[in-house]
Amino acid sequence: MKEMKFETKVIHVGGEPDPVTGAIMPPIFQTSTYVQSSPGEHKGYEYTRSHNPTRTRLQECLAATENAKHCFVTASGLAASTLIMHMLPKGSKILCGDDVYGGTYRLFSKVFPEIHQFKFVDTTNVTAFEAEIAAFKPTLVWLETPTNPLLKISDIAAISALAKKHGALTVVDNTFMSPYFQNPLDQGADIVLHSMTKFINGHSDVVGGALMFNSDEIRDKIFFYQNAIGPCQSPFDSWLVLRGLKTLAVRMKQHEQNALKIAAYLERHAKVDRVVYPGLKSHPQHELAKKQMKGFGGMITFFLKGGIEESRRFLENVHLFALAESLGGVESLVDHPAIMTHASIPKEVREGLGIYDNLIRLSVGIEDGDDLIRDLETAFAKV
Ligand code: P1T
């Protein structure tokens, strides 16, 4: 399996023809329970909250995409984050990147502070981060790279090494890059997290999460909490993700090709103040992006000249880009983080990070790039 290229793994790992019928596509094991021949005697499956063959196939395939030994899929990305929080001993300290998905911030600042201690810091400067880790002494370091929505990039290898030196685990939320463009475990991280809702499934019809890692100890803990708490993914949703995953490589190439074109277009636009895209030379961490990522992805953030009124006019006048939360689907989406995906972050924290009312986030789909540019041009003309 190690010799297989990514494009082959997503088609073949976990995708063997059904041994009973020869069906080339795996059946959906839409069952809650499994017959036992005698109490405790079964074929490895007892109850779907704990195990399901469709889910097993998806987990095998996903583990292969991140070069991981183990994978667990969950009911949502946030369910995966929740399992990690439960796995940690009570009173753990989590040192978290300051720019994370609004729902992750809400989970850490509103749900878990009675159990663990959180500190949000900039993780883009390794020297400054070293001082933070030495002072805070975290149990776990939480990186989102590139971040949502500012597309800040953290040095996974350097930060994971520092965390290891100080006895902390490193989690990387790899949702924005997908396993096609970035593999954090290969760079020293301990756990990779994905919202499968995004690029991995890629068709905006499933909510799901995934955790990948190599440690057997972490596997035992995550299995225990997944089974004890119950945020497992349904067989049908697992099957849909398994199906979406097959085209991840081709989709990511097209997302990136379109995003490169659109980012260059936006950078030249008179009504745009600033564009943030890891593939632009103007991105402050463009060199790091080239080093640790295999591509630049399909997410673009830009700042319109003006404020909330200009943003509203722009967002009300796009047609191909749908104004909606989420990202990573085949269709292009546009988001206003301050009002939509990151509204749960207090205004002063949000603006302290640079998430202003003129910040617009694009999830560039796999349509024709020129059609997408024409759509943006129509909306700019109304601003
Ligand atoms: O929505 P869910 O599957 O629970 O995943 C949460 C999540 C985790 N990590 C990152 C980086 C994310 O972007 C998300 C979800 N994000 C959106 C819904 C959004 O529009 O940004």
Side-chain angles (χ1 to χ4, degrees), residues 58 62 72-85 94 96-112 120 123 142-154 156 171-179 181-182 184 189 191-212 226 229 231-234 237-238 240-241 244 255 276 278 293 297-301 315 321-329 331-345 350 353 355 359-365:
L58 173 60
L62 282 171
F72 283 85
V73 298
T74 55
S76 68
L78 285 179
S81 307
T82 300
L83 286 181
I84 296 177
M85 290 303 111
I94 292 103
C96 181
D98 55 6
D99 181 41
V100 287
Y101 165 56
T104 306
Y105 181 86
R106 181 177 53 205
L107 183 72
F108 292 174
S109 62
K110 296 262 172 37
V111 180
F112 279 101
F120 296 90
T123 52
W142 189 284
L143 296 181
E144 198 178 280
T145 181
T147 62
N148 179 359
L150 291 166
L151 301 170
K152 295 202 289 185
I153 297 171
S154 298
I156 298 171
V171 174
V172 175
D173 182 334
N174 197 22
T175 299
F176 269 32
M177 278 302 102
S178 90
F181 280 141
Q182 180 168 271
I191 303 176
V192 176
L193 179 145
H194 284 278
S195 166
M196 297 198 300
T197 317
K198 318 303 180 199
F199 293 103
I200 286 184
N201 178 55
H203 293 74
S204 303
D205 51 12
V206 170
V207 172
L211 295 172
M212 293 83 146
Q226 164 94 305
I229 298 169
C232 59
Q233 191 172 49
S234 75
D237 281 356
S238 295
L240 281 173
V241 180
H255 282 297
V276 189
M293 290 145 51
M299 301 300 296
I300 301 175
T301 288
L315 295 166
F321 278 88
L323 177 60
E325 304 204 2
S326 205
L327 56 108
E331 71 296 327
S332 293
L333 298 182
V334 61
D335 166 49
H336 188 267
I339 297 178
M340 296 164 66
T341 49
H342 292 69
S344 54
I345 303 176
R350 218 166 52 218
L353 290 168
I355 307 171
L359 187 159
I360 290 174
R361 189 189 77 183
L362 301 180
S363 171
V364 178

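Just so you know, ligand 1 is whichever comes first in the structure, and atom 1 is the first atom listed for that ligand. Atom set for the values below is all heavy atoms of this structure, side chains included, hydrogens, waters and symmetry mates excluded. These figures come from a predicted structure and were not determined experimentally.
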K.L.:
Please determine if His342 has a nitrogen or oxygen closer than 3.5 Å to a nitrogen or oxygen of ligand 1.
P.N.:
no
K.L.:
Report, in ascending order of atom number, the atoms of ligand 1 lying under 4.0 Å from any heavy atom of Gly77.
P.N.:
2 (P), 3 (O), 4 (O), 5 (O)
K.L.:
Could you label the plane-to-plane angle of the Phe120 and Tyr105 rings as parallel, tilted or perpendicular, counting under 30° as parallel and over 60° as perpendicular?
P.N.:
tilted
K.L.:
Below the 3.5 angstrom mark, is there an N/O of Val207, backbone or side chain, next to an N/O of ligand 1?
P.N.:
no
K.L.:
May I ask you to check if ligand 1 and Thr197 share an N or O to N or O distance below 3.5 Å?
P.N.:
yes
K.L.:
Going by side chain to side chain donor-acceptor pair (under 3.5 Å), name the residues that satisfy it together with Glu331, two or more places apart in sequence or in a different chain.
P.N.:
Ser204
K.L.:
Quick one: does Thr341 get an N or O within less than 3.5 Å of an N or O on ligand 1?
P.N.:
no
K.L.:
Go through ligand 1 atom by atom and flag the ones less than 4.0 Å from a non-hydrogen atom of Thr175.
P.N.:
9 (N), 10 (C), 11 (C)
K.L.:
What are the two closest heavy atoms between Leu62 and Met196, and how far apart are they?
P.N.:
CD1-SD, 3.5 Å
K.L.:
Any N/O of Arg361 closer than 3.5 Å to an N/O of ligand 1?
P.N.:
yes
K.L.:
Can you check side-chain contact (heavy atoms from CB on, under 4.5 Å) on Leu151 and Met299, steps first, answer last?
P.N.:
CA-CA 8 Å; Leu151 301 170; Met299 301 300 296; 4.0 Å; yes
K.L.:
Report the part of Met340 in contact with ligand 1, treating N, CA, C, O as backbone and CB onward as side chain, heavy atoms under 4.0 Å; options are side chain, backbone, both, neither.
P.N.:
neither
K.L.:
Would you indicate whether the side-chain heavy atoms of Met293 and Thr145 approach each other to under 4.5 Å?
P.N.:
no
K.L.:
What atoms in ligand 1 come closer than 4.0 Å to a heavy atom of Ser76?
P.N.:
3 (O), 4 (O)
K.L.:
So which heavy atom on Ile94 is nearest to which on Trp142, and how close?
P.N.:
CG2-CB, 4.2 Å
K.L.:
Judging by distance only, is a nitrogen or oxygen of Leu327 under 3.5 angstrom from one on ligand 1?
P.N.:
no
K.L.:
Any N/O of Asn148 closer than 3.5 Å to an N/O of ligand 1?
P.N.:
yes
